[in-house]
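Every heavy atom of this structure was used, including side-chain atoms; hydrogens, water molecules and symmetry mates were not.
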Amino acid sequence: MLVEGPVDIVTADGTTVRSDRFVVAICTCRRSRAYPWCDTSHRRRRPAGPGPGGRQQPQDGEEEPRP
């Protein structure tokens, strides 16, 4: 989710984090290592063997192919 900044976010544990950027990407999938900021971790998948149609799944750290 993109939000116009600057922005203050209060996390579940009550901590307040701030970004002074003009536009901030907020993580909504909770996979980000920089949570609450998005680091595009939602684009990565763990290899689970061949996918639908026999396609190979992306390796760790690789992005999914776009249709």
Rounded to the nearest 0.5 Å, what separates atom CZ in Arg43 from atom SG in Cys38? 7.5 Å
Tyr35 OH to Thr11 OG1 distance, which is reported to the nearest 0.5 Å: 8.0 Å
Would you check if the side chain of Ser19 reaches a backbone N or O of Val7 as a donor-acceptor pair within less than 3.5 Å? no
Shortest non-hydrogen contact between His42 and Cys29, atoms and distance: CB-SG, 3.6 Å
Check the hydrophobic clustering (I, L, V, M, F, W, Y; side-chain heavy atoms under 4.5 Å; chains of links allowed) and say if Ile9 and Met1 are grouped together. yes
Please find the pair of heavy atoms, one from Arg18 and one from Pro6, that lie closest to each other, and give the distance. NH2-CB, 3.7 Å
